[in-house]
Amino acid sequence: MKIIALYSIKGGVGKTAACVNLAYLSTNQLMPTLLCDLDPQGSSTFYFRIQPKPKYNSRKFLKGGKRIDKAIRGTDFRRLDLLPADLSYRNLDIQLNDFSKSRRRLKRLLGELKGRYDYIFLDCPPNITLVSENVFVAADVILVPLIPTTLSIMTYRKLIQIFEEAGLDAGKLHPFLSMVESRKLMHRQTIREILAAKINPLNGCIPYSADVEKMGLYRAPLTHYRPGFKGGMAFSRLWSEIKSNILKAPSHGH
């Protein structure tokens with residue numbers, strides 16, 4: 001089982017769209033995939049037309065065990081399950097402090113699902129908190145979407161610094177270009193800056209696309225309802241690269 005986080009310090013970078021589409025693309029494996037929505041906004045949960053079960057909340061999530069089993073919902077797509085988010089997840093940081101080894105709580109909770117899923121995808125809230133630290137510890141791979149702007153370069157360098165100062169393995173971090181508009185001179189220039197800065201993004205990049213934005217209307221992965229369109233093909237290429245170049249490599253230590 002591999003745990004793959006979609007994480008960014010910044011919001012509005014295409015994180016959830018990537019998480020939903022990559023999770024869907026992963027379901028051609030023999031065992032199912034779980035998408036765990038950790039963002040209290042619940043965008044992944046919305047895309048799959050799912051509501052959390054009554055009385056489910058962040059406290060029950062953190063207690064784990066059968067509470068998580070009961071909360072997991074099947075989606076409309078074969079072999080793809082969802083652990084939905086709830087607005088109470090905004091309290092996760094406060095509640096995590098109630099547990100011993102609070103930075104490793106998420107790793108422990110997800111470890112209970114080992115053997116049931118090939119992949120667990122984490123749709124993470126855009127901030128740096130105790131929840132983020134749990135993600136950094138639990139994930140085998142952390143995919144970081146970068147919009148081609150100078151601010152994105154700065155925030156990614158800050159993320160690397162955070163890992164180094166905390167003694168975490170920055171080798172888990174794998175940036176990829178997101179919401180790219182190749183007609184924009186600024187985007188083309190910034191991509192050259194990113195390459196010159198040796199940030200080394202993955203080759204697969206996700207274009208800015210109206211089709212991706214329409215996921216909110218269709219409430220389904222773009223790779224399901226428009227697989228041959230530009231955005232859907234970009235997600236497919238990105239997933240192929242991740243499988244070939246990252247997931248087959250030896251996993252990083254936690």
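Just so you know, these numbers use all the heavy atoms, side chains as well, and skip hydrogens, waters and symmetry mates.
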TODO: Check the angle between the aromatic planes of Trp239 and Phe121 and answer parallel, tilted or perpendicular using the 30° and 60° thresholds.
DONE: tilted
Task: Interatomic distance, Phe235 atom CZ to Ile206 atom CD1 [nearest 0.5 angstrom] - done: 4.5 Å
Open item on the list: Test side-chain contact (heavy atoms from CB on, under 4.5 Å) on Leu83 and Leu35; report intermediate values, then the result.
Closed with: CA-CA 6 Å; Leu83 182 56; Leu35 196 163; over 6 Å; no
Task: Sole residue of His187, Glu213, Glu181 in side-chain hydrogen bond (donor to acceptor under 3.5 Å, both in side chains) with Tyr208 - done: Glu213
Open item on the list: Determine whether the aromatic ring centres of residues Tyr7 and Phe136 are separated by less than 6.0 angstrom.
Closed with: yes
TODO: Assess Arg67 against Tyr56: is NZ or CZ under 6.0 Å from the centre of the six-membered ring, and within 45 degrees of the ring's axis?
DONE: no
TODO: Output the distance between atom NZ (Lys114) and atom CD1 (Ile3), rounded to the nearest 0.5 Å.
DONE: 9.5 Å
Task: Lys60 side chain vs Lys55 backbone, donor-acceptor pair below 3.5 Å - done: yes
Task: Under 3.5 Å donor-acceptor, Asn21 side chain and Thr223 backbone - done: yes
Open item on the list: Using a 3.5 Å distance criterion without hydrogens, assess whether the side chain of Lys230 forms a donor-acceptor pair with backbone atoms of Ser209.
Closed with: no
Task: Pairing of Asp98 and Arg59 as salt bridge, 4.0 angstrom limit - done: yes
Open item on the list: Run the salt bridge (charged side-chain N to carboxylate O under 4.0 Å, His left out) test against Arg116 and tell me which residues pass, sequence neighbours left out.
Closed with: Asp69
Task: Asp118 side chain to Pro32 backbone, donor-acceptor under 3.5 Å - done: no
TODO: Name all residues meeting the salt bridge (charged side-chain N to carboxylate O under 4.0 Å, His left out) criterion together with Arg192; count only those two or more places apart in sequence or in a different chain, and write none if there are none.
DONE: none
- [ ] Indicate yes or no: does Lys15 engage Asp123 in a salt bridge with an N to O separation below 4.0 Å.
- [x] yes
